[in-house]
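Each chain gets a letter, A, B and so on, in the order its sequence line appears, and its residues count up from 1.
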Amino acid sequence: MPHTADLFGEAEAPGTGPSSAPMPTHAAAADTPAARAASLRAQIAAHDHAYYVLDAPTVPDAEYDRLFRDLQALEAAHPALATTDSPTRRVAGRPLEGFAPVAHRVAMLSIRTETDTTAEGARAFDARVRRELKRPESDPPVVYAAELKFDGLAINLRYEDGVLVQAATRGDGETGEDVTQNVRTIRAIPLRLATDAPPPVLEVRGEVYLRRDDFEALNEAARARGDKTFVNPRNAAAGSIRQLDPAIAAQRPLSFFAYGLGETQGWATPATHSGVLDALRALGLPVCHERALGTVDDLIGFHADIAARRDSLPFDIDGVVYKVDSLAVQAQLGFVTREPRWAVAHKYPPQEMLTTVEAIEVQVGRTGKLTPVARLAPVFVGGVTVTNATLHNASEIERKDVRVGDTVIVRRAGDVIPEVVGVLADRRPPGAMPFAMPHACPVCGSLAVREEGEVDNRCSGGLICAAQRKQALLHFAQRRAMDIDGLGDKIVEQLVDGGIVRTLPDLYRLGLLKLAELERMAEKSAANLLQSIDASRRTTLPRFLFGLGIRHVGEATAKDLARHFGSLDALMNASVEDLLAVEQVGPVVAESVHTFFAQPQQREVVEQLRACGVEWPEGEGAAAAAGTAPLAGKTFVLTGALPTLSRDQAQALIEARGGKVAGSVSKKTHWVVVGSDAGSKLDKARELGIATLDEAELLALMHGKAATSESPQFPPD
DNA sequence: GCACCTCGAGTTCC
DNA sequence: CTCGAGGTGC
């Protein structure tokens, strides 16, 4: 095993200098303390640059820390060496009394936010610019730069003779706050510009932000300590910068992107905005890679591209910014009041919005679980209007301390389910009471108890409870169970509330007359519903078992039970020991099944369903074919949409040949069947090196041919 | 006893 | 889709 230093030291190309880790032999070259300090600083700066600007860490964290501690020790021994631009200054300093005001020499203006963020909006911006420049359509197109609008905190960094001397917030644009001590702790921000000939004055503007993963880690640590968590990366970043104690700010993993200039003196400013960003990057400042340069069509392309990838970026953004690239043309365009004419922001629909909690209601699920749900004042977030958000359970409400009347932050990213991320404590109306889970079921009034060691409260009413009856009916009717088309929640609601249906067998005693009483139930749809109820009588044992809604018995377990026992009677009369003999059935499931069939009213339901004509083929017949099945013992996972087969059809085909379809990819998966728009399962398959098939290859495989490649001769089936 | 693999259950909006 | 928990294999 080579010494680790070799791995990092020798792997570097010669000449990269400080990015190579020091080897013991190198230390001998630095014979004076001053030279050693300079060497350590150069190495640390190079690692910071590689990590934050190039996005490519050159050494492990432990090695970085060692360099850092060496420098600290050296400076402690020789105080004269502790210069203001030393990386060790990042964590030093006393808590501030407050923040001193800083007058911006060049105002920090905001960019006009366009309401029309479509392609036409971008073209309108281009048309405005041309009109202002008196440039007709026939002239060459205006060149624009597009970049991201980061969701963080705008900061002005002032470098004098290449050294960071001051950092200030935007404030009102004219005057901000001096946050130099805290900004010094941000490793992404160089304390000294990477140039031998620094300009006398260079002010760099950009955004301090938190990466999503750093934000999660920060909150995770806060939770572990029992501290308050931040609601989003932006608040965490802003809160960290406004920390009075720089030692605390230093604990926060803040990042930075440069996007513009303030005052400059004696700097050879490039002619274009894109040139400025490249130059800043060359000076060692982090500049975001997500940029575009071109005509208005390129802006539109950039907008669409980023919109599609927004959720997978490592940090939050709230839109994109379009700027005229030429600084000369920018100067020509000038400002309207306080907004530049040469730039616009196109924001995406916000993923977080404020709204108020109008009520907290409690829903009852099929298993009796009580779920608190926040009824919200309607709010448009993430592209849809949200009115409900689940609060999951009592401990979740307690943790977030959500109360009726509270102003809350609601988040909905991409197609993710909306959630209440946090409460604005200072906007709580006086007298708002903490929410308490009811001790009685809100639907049937039965006792609602919280079982030992569980987080959920459950209604004990069973089928007495109308809510549980409704859910039981919907479960029974769902596609994967009895597949009764047309029996949705609206109909079930009326059937149960009207006392027309109480139990599962009642469904099979429905007639046209009864259905006609219901609202929104014309003759045609009533007939259709009766037709599908009738069709559902012919079913299979696994579907029937799943439909009964026995706790812990889902689709997969229902199949296992059906295969093992072969008939319903055998299963109903099985002891706990018999049940434990079934593959994938342990004590909890065995107990649940046994208890279910021990109840006389459940046996009665089963008997009545049979009497109503519900039937399925029984016997060993189904199991007998297993030995010869071509796919016996093979596990498949389906992902994405297949060209001709539906998911259910593909599953049925695989199972008919003895194969098994699982929900997630693991080492035990034999094949992953990939369709279009495949999701994370395909990534997982690649990671684990699992073979993949497309639909044609799957069909070929099932017809007994080797799945080497697409075999064109397979029969169409 | 622990780690990993599965399955069950719950959830929102169009 | 994700979380939590049951089941199994090491």
Below the 4.0 Å mark, does B/dG8 have OP1 or OP2 next to a side-chain nitrogen or oxygen of A/Arg551?
no

Once you round it to whole Å, what is the distance between P of C/dG4 and NE2 of A/His392?
9 Å

Atom CD of A/Gln584 and atom C1' of C/dG6: how far apart are they, to the nearest Å?
10 Å

Check the surroundings of atom CD in A/Gln599: do more than 12 heavy atoms from other residues, nucleotides or ligands lie under 6.0 Å from it?
yes

Regarding the side chain of A/Val588, the nearest nucleotide among B/dT11, C/dG6, B/dC13 is C/dG6

B/dG10 OP1/OP2 closer than 4.0 Å to side-chain N/O of A/Thr367
yes

CZ of A/Arg480 versus C1' of B/dA9: gap in Å, rounded?
13 Å

Answer yes when A/Lys470 and A/Asp497 have at least one side-chain N-carboxylate O distance shorter than 4.0 Å, and no when they do not.
yes

Can you measure A/His670 atom NE2 to B/dT6 atom P for me and round it to whole angstrom units?
10 Å

Separation between OG1 (A/Thr503) and CG (A/Leu609), nearest 0.5 Å, reads 7.5 Å

Quickly work out the A/Leu370 CG to B/dA9 P distance and round it to whole Å.
17 Å

Regarding A/Asp560 and A/Thr557, is there a side-chain donor-to-acceptor distance under 3.5 Å anywhere?
no

I want to check one thing: is the phosphate of B/dT11, taken as OP1 and OP2, less than 4.0 Å away from some side-chain N or O of A/Asn388?
no

Return the nearest nucleotide to the side chain of A/Ala556; candidates are B/dA9, B/dC7, B/dT12.
B/dC7

Select one nucleotide: of B/dT12, C/dG7, B/dC7, the one nearest the side-chain heavy atoms of A/Val373.
B/dT12

Side chain of A/Lys369 only, please: which of B/dG10, C/dG7, B/dT12 is the nearest?
B/dG10

Any side-chain donor paired with an acceptor under 3.5 Å for A/His594 and A/Glu591?
no

Given atom NE2 of A/His552 and atom P of B/dG8, what is their separation to the nearest angstrom?
10 Å

Interatomic distance where NZ belongs to A/Lys490 and C1' belongs to B/dC14 [whole Å]:
13 Å

Proximal nucleotide (of B/dG10, B/dT12, C/dG6) relative to the A/Val589 side chain:
C/dG6

Take the protein atom CZ of A/Phe546 and the nucleotide atom P of B/dA9, then report the distance between them rounded to whole Å.
8 Å

Nearest to the A/Thr557 side chain among B/dG10, B/dG8, B/dA9, which nucleotide is it?
B/dG8

